[in-house]
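Notes for the one structure printed next.
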Amino acid sequence: ENSYYYSWVQKTYPLMPQVVLSNIDWKATLADNELAPAAKKLKAAMDGYGVQDYVIVEKQGIRMAVFGLMGLEAISQAPEAGVLWKNYIERAKEVVDEIKRNGEADLILCLSHSGYYFDDGEESEDIQLAKEVPDIDVIISGHSHDVLEDEIIVGKTVIVGSGAYSDFAGHLVLKQGDDGYTVSDYALI
């Protein structure tokens with residue numbers, strides 16, 4: 001039934017974006033007597049729309065896995081979300097391991113609602129994510145609203161962020177090498 005609805009949505013609204021979110025703890029949420037009634041409706045809606053942990057996007061012969069997650073601070077600022085969450089770093093490790101095990105992607109990109117704060121520097125959640133899950137190639141940083149005019153490199157992970165409210169669009173060009181991907185160009189438009 002859900003796959004039929006998702007198919008209908010995609011055929012009816014082909015320009016609707018795919019939505020990825022990997023760290024809602026549905027098992028714990030649906031087991032919670034207080035949260036379960038509303039959460040069942042939310043899960044049905046998300047399943048119907050086709051929300052997934054990650055999707056594979058193929059462009060010009062490159063297969064990119066894109067996954068999304070919410071960080072600790074973002075979760076703490078959404079107490080009325082009506083769901084329970086898995087730790088963003090632990091869940092990212094699981095998702096990245098699954099992507100690698102399935103051999104589905106040449107590149108792994110995380111849409112992170114965790115953030116990079118200039119004031120927090122190395123303690124920022126996206127820096128911690130890059131350190132703890134080094135197989136993520138790119139983290140597109142959100143939540144903090146800080147504009148990253150230059151990319152941040154942690155190990156081999158590139159972190160970029162274009163602020164908030166569509167003030168900027170980020171443009172990132174990567175170059176594939178023997179050792180992975182490097183930044184060829186990054187600009188805020």
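- Atom CD of Glu149 is surrounded by 12 or fewer heavy atoms from other residues, nucleotides or ligands within 6.0 Å.
- Applying the 4.5 Å side-chain rule to ILVMFWY residues, one finds that Val173 remains a lone member of its cluster.
- Within the structure, every pair that satisfies the salt bridge (Lys or Arg N to Asp or Glu O under 4.0 Å) test and touches residues 151-163, not counting sequence neighbours, is listed here: Asp137-Lys156.
- Counting only residues at least two apart or in different chains, ring pair (Phe, Tyr, Trp, His ring centres under 6.0 Å) contacts with residues 17-37 are absent.
- Taken together through direct or relayed side-chain contacts under 4.5 Å among Ile, Leu, Val, Met, Phe, Trp and Tyr, Ile89 and Tyr54 form part of one hydrophobic cluster.
- In this structure, the side chain to side chain donor-acceptor pair (under 3.5 Å) partners of Ser114, at least two apart in sequence or on a different chain, are Ser112.
- For Asp97, there are no salt bridge (charged side-chain N to carboxylate O under 4.0 Å, His left out) partners two or more places apart in sequence or in a different chain.
- Enclosure of atom CG in Asn33 is not indicated, since only 12 or fewer non-hydrogen atoms of other residues, nucleotides or ligands lie within 6.0 angstrom.
- Residue pairs meeting the salt bridge (Lys or Arg N to Asp or Glu O under 4.0 Å) criterion with at least one partner in residues 50-64, sequence neighbours excluded, are Asp53-Arg91, Arg63-Asp106.
- Legend: ring pair (Phe, Tyr, Trp, His ring centres under 6.0 Å) pairs involving residues 73-102, not counting sequence neighbours: none detected.
- Contact between Gly170 and Ser162 at its shortest, heavy atoms only, is N-CB, 3.9 Å.
- Residue pairs that meet the ring pair (Phe, Tyr, Trp, His ring centres under 6.0 Å) test with at least one member in residues 145-166, sequence neighbours left out, are His145-Tyr165.
- Within a 6.0 Å sphere centred on CG of Asp185, heavy atoms belonging to other residues, nucleotides or ligands number more than 12.
- Looking at residues two or more places apart in sequence or on another chain, you find a salt bridge (charged side-chain N to carboxylate O under 4.0 Å, His left out) between Glu132 and Lys93.
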Under 3.5 Å, sequence neighbours excluded: what are the donor-acceptor pairs made by side chains of residues 64-81?
{"unit_1": "Glu73", "atom_1": "OE1", "unit_2": "Tyr117", "atom_2": "OH", "d": "2.4"}
{"unit_1": "Glu73", "atom_1": "OE1", "unit_2": "His143", "atom_2": "NE2", "d": "2.9"}
{"unit_1": "Ser76", "atom_1": "OG", "unit_2": "Glu73", "atom_2": "O", "d": "2.7"}

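- Residues satisfying the salt bridge (charged side-chain N to carboxylate O under 4.0 Å, His left out) criterion with Glu34, sequence neighbours excluded, are absent altogether.
- Checking side-chain atoms of Gln176 against main-chain N and O of Thr182 turns up no donor-acceptor pair under 3.5 Å.
- Applying the salt bridge (charged side-chain N to carboxylate O under 4.0 Å, His left out) rule to Glu104 yields no partners; only residues at least two apart in sequence or on another chain are considered.
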